[in-house]
Each structure stands twice: as C-alpha cells, then as structure tokens.
Amino acid sequence: MVIIGHRFPECMTMKNQTTVTEFILLGLSSDPQMQIFLFSVFLVIYLITLGGNIVIMVVIRADSHLHTPMYFFLFHLSFVDICYSSVTVPKMLMNFLAEHKTISVNGCIAQMFLFSLSAGTETFILSAMAYDRYAAICDPLHYVQTMSKGICVQLVSGAWTMGFFYALLNTVVALKLHFCGPNQINHFSCELPPLLQLSCTETFTNQAVLLTSALVFGLSSFLLTLISYIHIISTILRIRSAEGRHKAFSTCSSHLIVVGLLYVTGFLQYTKPRSVSSVVLDEIFSIQYSVLIPMLNPIIYSLKNKEVKTALRKMLGKLKFLK
C-alpha cells in the first residue's frame with residue numbers, strides 16, 4: 001500500500017519520535033541588529049495602524065454627518081483592519097526581541113483561524129462597500145430604501161459570517177494534521193501553506209479545502225465588487241458634464257484604491273510562476289496585505305475624502321478649545 005504525504009512514512013518508522021508541541025517562527029531575519037531595526041519599523045507601522053483606524057472610528061461616531069451607510073461600512077472596515085493587524089504584528093514584534101521565537105501548535109492554529117477570519121471578513125466588507133457605491137451612483141432615488149440601516153447591518157453580519165465559515169473550514173481540517181518532524185516555519189506568522197509543509201500526515205484534503213474555499217469565497221467577493229464597479233463606471237460615463245463625472249467618481253475613488261491594493265496583492269501572490277516562488281516573496285506579499293494595507297486604509301480615506309477631513313478638523317478644533 002502506498003501512503004501519500006510529506007513525511008508520513010518516516011513518522012511510521014520512527015515510532016519513538018515525540019509529537020511536535022510548538023513551532024519556531026524564523027521570521028524576517030536572524031541578524032540581531034536587523035531584528036532591532038525591523039522591530040522599530042513594524043512598531044511604528046502598528047502604532048500608525050492602531051491610531052489611524054481608531055481615529056477613523058471615533059470621527060465617524062462623533063460626527064452625525066457621517067452617520068450614513070458608506071461610513072457605517074468604513075467604521076467596520078477600520079475595526080477589521082485593527083483585528084487583521086493585531087493577529088500577527090504583536091507576536092512578530094515579540095519575536096524580534098525574544099531569544100526563543102516559539103509558538104504552540106494550538107496557538108499557531110488559533111492565529112491561522114483569526115487571520116483567515118479577518119482576511120475573509122475584510123474582502124466581503126469591501127464588497128458591501130462597492131454595492132453601497134453602486135446604489136448611491138446608479139440608483140440614487142431609491143438609495144435610502146436600498147441601503148436602510150437593517151440592510152447595512154445584514155451586509156456587515158454576512159461579511160463576518162462568510163469570514164467565519166472560510167476560517168472554520170480550513171481550521172477544522174488543520175486540526176487533524178500531525179506534526180512529528182521539523183518544527184521551523186519560514187515565516188513571521190502562522191499561515192496554512194507553511195503548516196502543510198511541516199505535516200507528517202497527508203495534506204491532500206487540506207490543500208483541496210484551501211483551494212476550493214479560496215476560489216469560492218474569494219471569487220464570489222471579487223465578482224460582487226467587479227459587477228458593482230462595471231455598473232458604476234457605465235453610469236459615470238453616461239454623465240454628460242465633466243464636473244458631474246468627477247463628483248460621482250470621487251465618491252468611490254478611495255474605495256477603489258483600497259480594493260485595488262488588496263486584490264492586486266492577492267492576485268500577484270497566487271498567480272506568480274513557480275519558478276519565482278520563494279520564502280522572501282511570500283513574506284513580502286504577507287507584509288503587504290496583513291501589515292501595510294491595514295495601515296494605508298485610514299490614510300487613503302483621510303486624504304481622499306473631504307467629509308472625513310472636515311469631521312477630523314472639527315474634532316481637532318474641539319480638542320483645542322477644551323485645552
């Protein structure tokens with residue numbers, strides 16, 4: 001009988017081999033001086049991410065003019081970005097300074113679950129925001145009815161539900177993996193692909209579930225966003241005045257930039273040729289979508305959105321007055 005797997009036959013022959021209970025995260029560098037530099041860089045990025053997204057959330061809550069569907073979704077996007085970054089960056093910062101860069105197997109799988117949950121939720125919230133822009137630009141007369149408070153809550157709840165099921169599917173099958181050999185992960189966080197490489201048991205089921213779920217959830221979110229923007233662009237092109245086209249486009253330009261950053265990064269990561277596949281490239285892409293994008297989102301919305309900038313100025317003015 002032929003046993004399919006990475007190192008399964010080896011584990012069968014080595015009966016006395018102990019089960020791996022923790023992994024070593026090799027991180028971005030083994031050079032102590034470089035680690036201190038990277039710690040400083042990623043600490044600044046993380047603080048900007050937390051500060052920027054918290055400010056966006058506070059401004060939206062504080063200003064009644066921003067109590068609209070678009071900013072309701074932006075509020076939840078900022079919350080997800082905080083979760084997204086906080087799943088991986090604090091542990092990465094600790095490992096830059098720690099002598100033993102370890103994480104338990106259960107902790108690693110928990111991190112993988114929370115990372116997948118945040119990533120899946122973010123993509124569907126962005127799809128909900130695209131639908132909101134479609135309703136505002138393509139059917140403005142019925143916008144209030146189309147994007148009522150109840151529907152907005154359902155869309156955000158649906159985004160979290162889809163993210164949860166995506167994470168749960170991959171986590172349940174990951175719990176069945178057995179690790180008995182090398183325990184070094186060539187990454188700064190726990191993601192499923194590196195874990196599969198360390199498994200002693202066969203991983204065909206995990207790979208099939210990962211590929212299928214990524215295609216189903218990823219493509220459905222992407223298609224919802226794409227269809228919304230096809231209608232939006234078509235409507236904008238039919239507007240006769242240049243001023244009208246510019247005004248319509250400006251209401252969705254921030255969202256379009258954020259969506260572009262996320263999907264271009266994901267597209268490059270999963271479509272790059274095998275010949276250029278490397279640990280360094282995988283880490284660069286992971287940093288892009290799990291560290292940099294959560295930091296850039298509030299900056300993009302602050303710089304590109306007049307209403308957010310106005311509300312921020314008002315809030316800062318009140319703070320100065322209180323002093």
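Numbering of residues begins at 1 and proceeds along the displayed sequence.
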Consider only side-chain heavy atoms of I, L, V, M, F, W and Y, link residues closer than 4.5 Å, and tell whether Leu26 and Met94 are in one cluster. no
Any donor-acceptor N/O pair, Ser220 side chain to Val216 backbone, under 3.5 Å: yes
Are the side chains of His231 and Ile137 in contact, using a 4.5 Å heavy-atom criterion? no
Can you check whether Leu177's main-chain N or O pairs, donor with acceptor, with Ser199's side chain at less than 3.5 Å? no
Could you check whether any side-chain N or O of Ser157 sits under 3.5 Å from a backbone N or O of Gln154, counting only pairs where one atom can act as donor and the other as acceptor? no
Using atom types as modelled and distance alone, determine if a side-chain donor or acceptor of Thr235 lies under 3.5 Å from a backbone N or O of Cys138. no
Closer than 3.5 angstrom, by distance alone: can the side chain of Asn95 be matched with the main-chain N or O of Phe188 as a donor-acceptor pair? no
Just by modelled atom types, is the Ser29 backbone N or O under 3.5 Å from a matching donor or acceptor in the Gln35 side chain? yes
With a 4.5 Å cut-off on side-chain heavy-atom distances among I, L, V, M, F, W and Y, is there a chain of contacts connecting Val89 to Ile54? yes
Do Val153 and Leu155 share a hydrophobic cluster (ILVMFWY, side-chain heavy atoms under 4.5 Å, transitive)? yes
State which residue, out of Tyr131, Tyr71, Phe73, Tyr229, fulfils the ring pair (Phe, Tyr, Trp, His ring centres under 6.0 Å) condition with His255. Tyr229
Is it true that a side-chain atom of Ser228 and a backbone atom of Leu224 form a donor plus acceptor pair closer than 3.5 Å? yes
Heavy-atom distance under 4.5 Å between the side chains of Ile103 and Cys190, does that happen here? yes
Test your reading of the model: is there a side-chain donor-acceptor pair from Thr251 to the backbone of Ala248, 3.5 Å cut-off? yes
Would you say the side chain of Val258 lies within less than 4.5 Å of the side chain of Tyr301, judging by non-hydrogen atoms? yes
Residues that Phe79 engages under ring-ring contact (aromatic ring centres under 6.0 Å, His included), provided they are two or more places apart: none
Can you find a side-chain donor-acceptor pair between Thr146 and Tyr134 that sits under 3.5 Å? no
I'd like to know if the side chain of Glu191 and the backbone of Pro193 have a donor-acceptor N/O pair within less than 3.5 Å. no
So which atom in Arg245 and which in Ile239 form the shortest heavy-atom distance, rounded to 0.1 Å? NH1-O, 2.8 Å
Donor-acceptor contact below 3.5 Å, side chain Thr203 vs main chain Asn206: no
